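Read through the structure below, which is laid out as structure tokens, and then see the notes.
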4 protein chains.
Amino acid sequence: MALSRAVKRKENLASSDSKRDLIIAAARRVFESEGLEGASLRGIAKEAGYTPAALYFHFDSKEALYAEILAESLEALAKRVNAAFRSETDLENRLRRAAMAFYYFYSANPRDLDLGFYLFKGGMSPVGLGKERDNKLNDQLWEALAPINQAFLDLGQDEDQAKALTAGTFAHTSGMLLLEHTGRMRLFDTTGELLMHSYLDNQLKLIADKS
Amino acid sequence: MALSRAVKRKENLASSDSKRDLIIAAARRVFESEGLEGASLRGIAKEAGYTPAALYFHFDSKEALYAEILAESLEALAKRVNAAFRSETDLENRLRRAAMAFYYFYSANPRDLDLGFYLFKGGMSPVGLGKERDNKLNDQLWEALAPINQAFLDLGQDEDQAKALTAGTFAHTSGMLLLEHTGRMRLFDTTGELLMHSYLDNQLKLIADKS
Amino acid sequence: MALSRAVKRKENLASSDSKRDLIIAAARRVFESEGLEGASLRGIAKEAGYTPAALYFHFDSKEALYAEILAESLEALAKRVNAAFRSETDLENRLRRAAMAFYYFYSANPRDLDLGFYLFKGGMSPVGLGKERDNKLNDQLWEALAPINQAFLDLGQDEDQAKALTAGTFAHTSGMLLLEHTGRMRLFDTTGELLMHSYLDNQLKLIADKS
Amino acid sequence: MALSRAVKRKENLASSDSKRDLIIAAARRVFESEGLEGASLRGIAKEAGYTPAALYFHFDSKEALYAEILAESLEALAKRVNAAFRSETDLENRLRRAAMAFYYFYSANPRDLDLGFYLFKGGMSPVGLGKERDNKLNDQLWEALAPINQAFLDLGQDEDQAKALTAGTFAHTSGMLLLEHTGRMRLFDTTGELLMHSYLDNQLKLIADKS
DNA sequence: TATGAATGAGTATTCATTCAT
DNA sequence: TATGAATGAATACTCATTCAT
């Protein structure tokens with residue numbers, strides 16, 4: 001008749017988690033339409049169909065909620081980049097695919113970029129977040145970059161070289177996204193996508209030339 | 001009596017302008033110590049020795065004041081980059097010097113970077129700023145990038161190529177500054193300066209290889 | 001099966017009571033470290049290892065919980081004062097001991113004083129508490145004052161005189177504790193303890209002079 | 001025709017001050033009807049016919065507003081006690097009058113007592129107030145007690161004795177007010193006023209006996 | 001008996017901006 | 001040109017309490 005306690009608890013947990021997810025989803029929606037600064041706890045709560053106070057049952061603070069969103073975003077990013085990496089066997093294309101996956105992800109979700117910069121600002125958040133969360137986010141970021149790093153290793157670069165190349169690619173991509181996001185790309189009559197491809201071609205050429 | 005009206009007006013204008021500059025200087029000081037989010041009109045007014053209301057005689061809005069600061073910053077940046085460009089006769093070093101001047105400027109004044117991103121966000125400001133000001137800022141930005149573009153032209157690139165190369169250099173530099181500013185460079189055991197040099201070396205090598 | 005229902009109920013009762021005591025103890029701890037204003041139901045619940053909602057099974061309201069704590073405190077106070085009274089046979093010292101026991105109790109537990117003032121404020125609590133509880137607390141307070149009253153009776157005062165003397169001693173002691181608690185005693189380069197002794201000496205002298 | 005600037009400024013000042021006083025008066029009214037805990041900035045602002053934000057133009061914080069009220073209260077108290085002291089030439093009655101003026105003041109304005117205890121709690125306020133204000137309040141308190149102290153001096157007590165006697169009188173009065181304020185006086189079938197008189201008579205008798 | 005989830009009312013304070021003077 | 005005074009909307013967050021489960 002009745003469900004066993006264990007099952008019930010599981011269901012509650014699922015329900016609880018799904019509520020968290022509901023709130024996070026609502027927060028994402030608000031972010032997307034209002035931007036980071038425009039997204040208030042009140043607004044998020046309203047969008048989620050809750051009282052502001054209710055959110056505090058699920059998240060310790062606004063920043064913690066933000067961090068959760070960023071974490072989910074980074075997770076999705078990492079999945080995307082890894083999938084792109086794995087979808088290719090050609091070593092050169094692997095790099096291209098992985099790096100472009102990174103680029104396309106943020107090109108499609110520009111607000112997530114803001115979020116990342118906001119929470120990473122100064123290397124730590126102003127309010128809470130704390131070191132543990134910073135470390136966690138760093139780890140997640142690295143997981144998204146790891147395929148790119150691996151691609152460079154696979155192309156014959158040693159560990160230090162690969163790391164530097166990954167950093168360069170990350171920076172280049174971030175900058176490119178920034179220019180597009182802030183509408184400055186118009187100055188140059190070109191697109192970030194094009195420039196990304198050219199950057200990657202150059203990297204591959206340079207690597208090929210070395211050997 | 002003593003002074004003619006015309007002279008008086010001129011003096012007032014001068015005095016007015018110097019007051020503007022005083023306010024802008026105060027705002028810069030506040031930005032540097034408090035950051036973009038921490039800088040309030042009240043705080044700026046206090047630092048300038050004025051009432052908040054007084055600032056509205058000199059600037060239409062907070063954003064307008066910000067824009068003015070950004071304009072000054074871009075002007076200083078342009079001067080710096082141009083001077084670096086002119087200080088060199090060797091074509092390759094010209095590029096290096098100009099690009100690194102850009103990098104060093106923001107590395108030393110990271111808050112100015114924030115300001116730029118903030119005001120350029122979305123291609124237009126939320127409140128005022130308007131198209132004219134956006135255009136003006138774009139022009140100023142281009143003035144800071146022009147020497148880099150010229151260096152590429154001098155290295156034998158055609159106009160389109162130079163523009164794309166300038167865009168790439170701009171993006172790369174911006175991304176690098178971003179990574180450093182947000183403390184993410186630590187992930188890679190290297191520095192933005194080093195990576196900048198390596199990027200520029202690669203660009204020069206690729207150009208040389210082409211011909 | 002094994003245990004009879006009656007026994008079970010008793011056990012439950014005992015268990016319930018011990019839980020109550022656990023909560024009260026937790027609340028006391030929170031009071032002592034956070035003060036009256038700083039003590040929230042949430043904090044108390046956490047300290048007790050419960051959910052806030054759980055406390056409502058044991059206490060009708062926050063005020064009711066407070067009242068319980070005050071009741072325990074008054075009980076302890078009464079015990080202390082009675083013991084002090086009984087520990088002496090000399091009539092004059094009996095008064096001194098009893099009154100000083102009162103003083104020392106609150107001097108050591110200043111938060112309990114706050115609690116008393118808070119709950120007694122206006123003669124009744126804002127929310128619940130009600131008349132029964134007020135009467136109960138009054139009774140308990142009187143039990144703590146009874147030894148002092150008895151001491152005055154033993155010193156030959158009639159009932160009315162003793163009551164008035166008790167009231168005076170109570171007021172004097174309370175005021176003294178208040179001055180110390182609020183740091184105002186510093187104005188006078190003396191201590192509450194000293195002044196208490198001098199007050200009691202005077203009372204005894206006045207009584208002696210009368211006869 | 002027009003008013004001179006100096007006059008205008010004076011008027012403005014007067015107007016500004018009167019607005020402060022208006023707010024303070026409103027705050028007092030709210031205190032009296034709602035009590036200390038029930039008095040919120042919002043409520044005070046509403047009562048004063050202002051927006052909460054407007055109060056911050058006149059007072060730095062809620063605590064600062066409270067402190068101002070307490071300061072005014074203490075000033076009025078001091079005036080009252082001094083006047084009582086001066087109205088008498090008979091040395092014994094001087095003490096009586098001054099001490100009873102103190103008592104009557106708080107008996108008529110019991111909320112002011114709360115305010116004093118609240119702001120003096122722990123010798124310093126939790127939020128702001130700061131040492132300067134604490135010192136100022138202490139000074140004001142002493143000004144209200146000075147006549148009592150003088151009365152003891154006039155009765156032939158040396159400085160130390162007078163100080164201790166003043167402390168004792170202050171404590172006794174405070175305690176008496178407390179008992180009345182919290183409705184505990186009912187336990188003793190007497191009144192604070194009566195007990196105050198009897199306390200003062202005793203003090204005078206003890207002083208007379210000494211010499 | 002206890003929890004998880006939620007509420008609604010409340011908190012002090014800050015913000016950019018306006019306007020009469 | 002500048003101020004003093006004020007606004008209205010917003011902010012994140014806390015509270016005691018309730019209720020279905």
Side-chain angles (χ1 to χ4, degrees), chain A residues 2-3 5 8-9 11-13 15-16 19-20 37-45 48-63 65 127-128, chain B residues 12 15-16 19 37-45 49-63 65 127, chain C residues 12 15-16 19 37-45 49-63 65 127, chain D residues 2-3 5 8-9 11-13 15-16 19-20 37-45 48-63 65 127-128:
Chain A
L3 294 163
R5 257 204 213 176
K8 252 189 182 164
R9 189 151 349 134
E11 275 203 343
N12 281 340
L13 226 71
S15 144
S16 168
K19 271 171 195 164
R20 269 180 75 95
E37 323 280 278
S40 70
L41 242 189
R42 268 144 88 137
I44 293 171
Y50 283 109
T51 304
L55 301 203
Y56 284 87
F57 183 85
H58 301 281
F59 305 92
D60 285 344
S61 68
K62 198 198 176 192
E63 309 267 313
L65 171 53
V127 181
Chain B
N12 281 341
S15 139
S16 169
K19 273 171 193 169
E37 324 278 278
S40 69
L41 241 192
R42 275 152 103 131
I44 293 170
Y50 283 106
T51 308
L55 302 202
Y56 284 86
F57 281 96
H58 301 282
F59 305 94
D60 286 345
S61 70
K62 198 196 177 194
E63 310 268 312
L65 170 54
V127 181
Chain C
N12 280 341
S15 140
S16 168
K19 274 172 194 169
E37 323 278 279
S40 70
L41 241 192
R42 275 153 104 135
I44 293 170
Y50 283 106
T51 307
L55 301 203
Y56 284 86
F57 281 95
H58 301 282
F59 305 93
D60 287 343
S61 68
K62 197 195 177 194
E63 312 267 314
L65 170 54
V127 182
Chain D
L3 293 164
R5 260 204 210 175
K8 253 188 181 164
R9 189 152 349 132
E11 275 201 344
N12 281 341
L13 225 72
S15 145
S16 169
K19 271 170 196 166
R20 271 179 76 95
E37 325 279 279
S40 69
L41 243 192
R42 264 139 98 127
I44 293 169
Y50 283 109
T51 304
L55 301 204
Y56 283 86
F57 183 84
H58 301 281
F59 305 93
D60 285 344
S61 69
K62 197 197 177 194
E63 308 268 313
L65 171 54
V127 182

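Values in this document were obtained by computation on a predicted structure and should not be read as measured data. Naming convention: chains lettered A, B, ... in sequence-line order (proteins, then strands); numbering from 1 in each chain.
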So which one's nearest nucleotide on DNA chain E is more toward 5', D:Pro52 or B:Gly43? D:Pro52

Can you tell which of F:dT3, E:dT7, E:dA16 lies closest to the side chain of B:Lys62? E:dA16

For C:Ala45 and C:Thr51 the tightest heavy-atom approach is CB-C, 3.7 Å

Nearest heavy-atom approach of D:Pro52 to D:Arg42 is CG-CG, 4.0 Å

Compare the minimum distances between each of E:dA5, E:dT14, F:dA12 and the side chain of C:Ala53, then state the nucleotide with the smallest one. E:dA5

Are the side chains of A:Leu41 and A:Phe59 in contact, using a 4.5 Å heavy-atom criterion? no

With respect to the side chain of B:Ala54, which nucleotide from F:dA16, E:dT17, F:dT3 is positioned closest? F:dT3

Between P of E:dT11 and CD of D:Glu63, the distance in whole Å: 15 Å

What is the distance, to the nearest angstrom, from the CD1 atom on C:Ile44 to the P atom on F:dA16? 8 Å

Provide, to the nearest angstrom, the distance between the CZ atom belonging to A:Phe59 and the P atom belonging to F:dA12. 15 Å

From CD of B:Glu37 over to C1' of F:dA12, roughly how many Å is that when rounded to an integer? 15 Å

If you only use heavy atoms from C-beta on, which nucleotide in F:dG4, F:dT1, E:dA6 is closest to the side chain of A:Lys19? E:dA6

Quick one: C:Leu65 CG to F:dT17 P, roughly how many Å, whole number? 10 Å

Mind calculating the distance between OH (B:Tyr56) and P (F:dG4) to the nearest angstrom? 17 Å

Taking all atoms of both residues into account, what is the closest heavy-atom pair of A:His58 and A:Arg20, and its distance? O-NH1, 2.9 Å

Quick one: which of E:dT1, E:dA6, F:dC13 gets closest to the side chain of C:His58? E:dT1

With respect to the side chain of C:Phe57, which nucleotide from F:dT3, E:dA2, E:dA6 is positioned closest? E:dA2

Need to verify one output field. Residue with the more 5' nearest nucleotide on DNA chain F, B:Arg42 or B:Gly49? B:Gly49

Atom CG of D:Leu55 to atom C1' of F:dA5: distance rounded to whole Å? 12 Å

Is A:Thr51 touching bases, backbone alone, or none of the nucleic acid, heavy atoms closer than 4.0 Å? base

Report the base-pairing partner of F:dT18 (Watson-Crick or G-U wobble, both distances below 3.5 angstrom), or none. E:dA5

With side chains defined as the heavy atoms from C-beta onward, is the minimum distance between B:Lys19 and B:Phe57 less than 4.5 Å? no

Nearest whole Å is fine: how far is E:dA16 P from B:Tyr50 OH? 19 Å

Which nucleotide wins on minimum distance to the side chain of B:Leu41, given the candidates E:dT17, E:dT13, E:dC15? E:dT17

